[in-house]
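Chain letters run A, B, ... following the sequence lines, proteins first and then strands; every chain starts at 1. Just so it is clear, the model here is predicted, and its values are computed rather than measured. Atoms considered below: every heavy atom in the structure, side chains included; atoms not considered: hydrogens, waters and symmetry mates.
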Amino acid sequence: MSKLKVDPLALGPDERPLLNASYGKLMMWFFLMSDAFTFSSLLIAYGALRIRSGAQDVPWANPEEVYTHTPVLYEVFHLEWPLVFVGIMTFILILSSVTMVLAVEAGHRRSQKEVAKWMLWTVAGGLAFVLCQAYEWYHFIVGHSDGAFRLLAENGKEVVALLVAEPGVMALKNFDGEILATGSTAFSNYVNGLAERPDVMELIRIAKEYNAPEIGALLQTGVDTYGVEGVLTSGGANMLVNEYGPPAFANLFFFVTGFHGTHVFSGVVINFIIYLNVIKGTYEKRGHYEMVEKVGLYWHFVDLVWVFVFTFFYLI
Amino acid sequence: MNAMAEATNGKKAIYRTTLILSVLTAFEFLLAGLKGSLSEWLGWSQDTVWLLVVLTFVILTIFKAYYIVSEFMHLGHEMRRLILSILVPFIFIVWLIIGMVIEGDWYGRLTKDAYGSNQIELPALDEMQGEQSEVTYYG
């Protein structure tokens with residue numbers, strides 16, 4: 001306590017400086033606390049649903065099979081290395097947190113040029129992270145080449161067969177994995193690119209058109225004998241079903257990483273505004289760079305949340 | 001202490017924290033890659049290894065959180081009153097974690113027969129496409 005430097009911006013002695021921090025900084029802390037409560041609730045909901053799923057013997061998604069796309073590695077070399085990309089994303093966010101501390105540190109020395117430099121790096125890091133997340137979401141939604149269409153019976157609940165897009169071929173499989181029929185690549189590519197839940201009649205029509213009569217015939221049999229009514233989903237994920245695990249998994253993924261991404265994006269915007277103020281000389285005139293410290297608190301909080309999201313969504 | 005020395009000191013602490021965070025993240029990443037084959041190497045049961053790995057991840061995450069909050073957010077250098085008024089309310093979160101873990105497990109076991117085993121619970125197609133659905137999706 002003796003080493004504590006009195007913050008000149010804290011409330012004056014007659015106002016009993018209880019916490020030795022300025023009003024703005026205190027309010028930022030309490031805002032972050034409430035935000036931390038929100039994120040905690042979301043992550044606890046994730047935990048509860050995942051544990052429930054485990055108790056029901058319904059397997060949860062395995063992160064190593066979900067997050068397998070890395071730019072360049074996937075597009076150029078066709079490699080699907082699990083978790084590499086998210087490791088890079090985590091590192092980007094940690095580094096942008098570091099550049100933020102360096103900006104704050106430069107602010108203490110009132111070195112306008114250095115503050116501006118480090119703020120700009122922080123903005124760049126945040127932007128890079130948001131772009132990475134866009135890439136990740138894209139591949140999460142589109143899914144893998146082995147994602148399956150599920151054919152549904154009349155009651156709409158029973159799954160009769162799977163229409164699986166395998167590399168280069170489209171296969172109709174039953175639940176034992178036996179291939180009932182295969183279709184041409186053209187059909188496979190076309191179906192892969194379809195929006196989720198096409199009508200089964202539409203699929204039969206496409207099968208004829210794209211030289212996959214075997215699948216068309218089998219689908220027709222499905223309609224006639226099992227009363228197949230619809231095709232639920234392609235590979236990938238939406239809010240109702242996904243190829244990875246229970247629906248709750250994708251819903252939580254969208255909500256939690258989306259909510260975090262929103263925080264990152266607003267952080268980028270706020271950081272950029274502060275950067276503009278720095279180069280304009282606003283804080284030089286004010287005599288201190290406390291504003292940089294305050295947005296710094298927010299930015300580190302975003303990094304902090306990612307540490308938890310990273311652990312629960314990608315590692316465990 | 002002159003301004004120059006103070007600056008180097010501050011930067012040293014920053015780089016030290018960066019190093020710690022990077023090493024912990026790299027270790028987590030490595031463990032995530034190896035966790036599949038750990039039970040074979042160590043000769044322990046799958047469940048034991050799983051529990052240990054999860055526990056390691058959680059502990060490392062708390063370590064990382066500590067360094068970010070204490071060093072980057074500078075909370076470790078604030079007054080004790082401020083530190084406590086930020087941290088103490090999180091007792092409620094600890095309570096919520098315990099409560100929801102128990103609740104999740106209980107509810108899962110309760111509904112196991114209806115939604116467990118090989119049956120895949122899927123919403124009805126017409127209800128999905130309809131405007132208003134009163135179906136609850138279990139997952």
Side-chain angles (χ1 to χ4, degrees), chain A residues 1 4 18-21 26 29 33 36-37 40-41 44-45 47-58 63-64 83 87 90-91 94 97-98 100-102 105 108-109 150 152 155-157 159 197 229-230 232 240-241 246-249 251 297 300-301 303-304 307-308 311 314-316, chain B residues 3 6-7 10-11 14 18 21-22 25 28-29 31-33 36 53-54 57-58 60-61 64-65 68-69 71-74 77-82 85-86 89-90 92-93 96-97 100-101 103-109 111-112 115-117 120-129 137 139:
Chain A
M1 206 52 55
L4 191 81
L18 260 179
L19 301 171
N20 193 34
L26 276 182
W29 267 113
M33 203 171 79
F37 269 49
S40 302
S41 311
I44 291 168
L49 287 168
R50 184 167 179 169
I51 285 166
R52 182 188 76 170
S53 177
Q56 287 173 337
D57 278 343
V58 176
E64 281 164 55
L83 299 178
T90 306
F91 205 62
I94 288 180
S97 220
V98 173
M100 188 79 233
V101 204
L102 288 170
E105 192 269 337
H108 285 313
R109 291 182 282 116
R150 297 167 177 84
L152 298 181
N155 61 19
K157 294 206 172 184
V159 179
R197 299 202 300 279
E229 276 205 334
L232 193 60
L240 293 166
V241 272
F249 166 70
N251 295 357
L297 284 180
H300 298 313
F301 173 75
D303 185 27
L304 177 70
V307 166
F308 283 92
T311 302
Y314 296 90
L315 294 179
I316 292 177
Chain B
E6 209 171 308
K11 275 191 179 159
I14 294 169
T18 312
L21 288 177
S22 307
T25 306
E28 280 183 331
F29 185 67
L31 192 60
V53 166
V54 169
F57 280 145
V58 171
L60 288 182
T61 304
K64 280 161 75 179
I68 291 174
V69 175
E71 292 297 325
F72 281 180
M73 296 172 92
H74 219 257
H77 307 280
E78 302 285 358
M79 273 177 116
R80 184 189 288 263
R81 286 185 204 125
L82 180 55
S85 51
I86 299 295
F90 283 90
F92 291 114
I93 295 300
L96 191 60
I97 291 171
M100 290 310 281
V101 163
E103 177 75 10
D105 185 58
W106 176 82
Y107 192 74
R109 278 187 286 127
T111 53
K112 184 176 178 175
Y115 303 106
S117 66
I120 302 173
E121 173 65 17
L122 294 168
L125 191 72
D126 54 335
E127 279 159 344
M128 283 178 353
Q129 286 167 340
Y137 302 123

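- Considering CE of B:M73 and CG of A:L304, their distance stands at 6.5 Å, rounded to 0.5 Å.
- For the atom pair B:I68 CD1 and A:H300 NE2, the distance stands at 9.0 Å (nearest 0.5 Å).
- Separation of atoms CE (B:M100) and CG (A:L49) is listed at 7.5 Å; rounding is to 0.5 Å.
- With a 4.5 angstrom heavy-atom cutoff, A:F301 touches chain B via backbone and side-chain atoms both.
- If you tally non-hydrogen atom pairs under 4.5 Å between each of A:S41, A:A48, A:A36 and chain B, the highest count goes to A:A48.
- To the nearest 0.5 Å, atoms CZ (A:F37) and CD1 (B:I93) are separated by 4.5 Å.
- Counting non-hydrogen atoms of other residues, nucleotides and ligands closer than 6.0 Å to CZ of B:F90 gives a total above 12.
- Among the candidates A:A55, A:S97, A:G87, the residue making the largest number of heavy-atom pairs closer than 4.5 Å to chain B is A:A55.
- For the atom pair CG of A:D303 and CZ of B:F72, the computed distance is 7.5 Å after rounding to the nearest 0.5 Å.
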Evaluate side-chain contact (heavy atoms from CB on, under 4.5 Å) for B:T25 paired with A:F91, printing each intermediate quantity in order.
-> CA-CA 8 Å; B:T25 306; A:F91 205 62; 5.7 Å; no
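- Proximity of A:L26 to B:L82: side-chain heavy atoms (C-beta onward) are separated by under 4.5 Å at one or more points.
- Taken to the nearest 0.5 Å, the CG atom of B:L60 stands 9.5 Å off from the CG atom of A:L315.
- A:L83 and B:F29 make their closest contact through O-CE1, 3.0 Å (heavy atoms, listed as atom of the first residue, atom of the second, distance).
- Heavy-atom distances place no part of B:E103 under 4.5 Å from chain A, backbone and side chain included.
- Taking chain A as the reference chain and counting heavy-atom pairs below 4.5 Å, the highest number among B:I14, B:T18, B:D105, B:L96 is found for B:I14.
- Heavy atoms only, all atoms of each residue included: A:T311 and B:E28 are closest at OG1-OE2, 4.0 Å.
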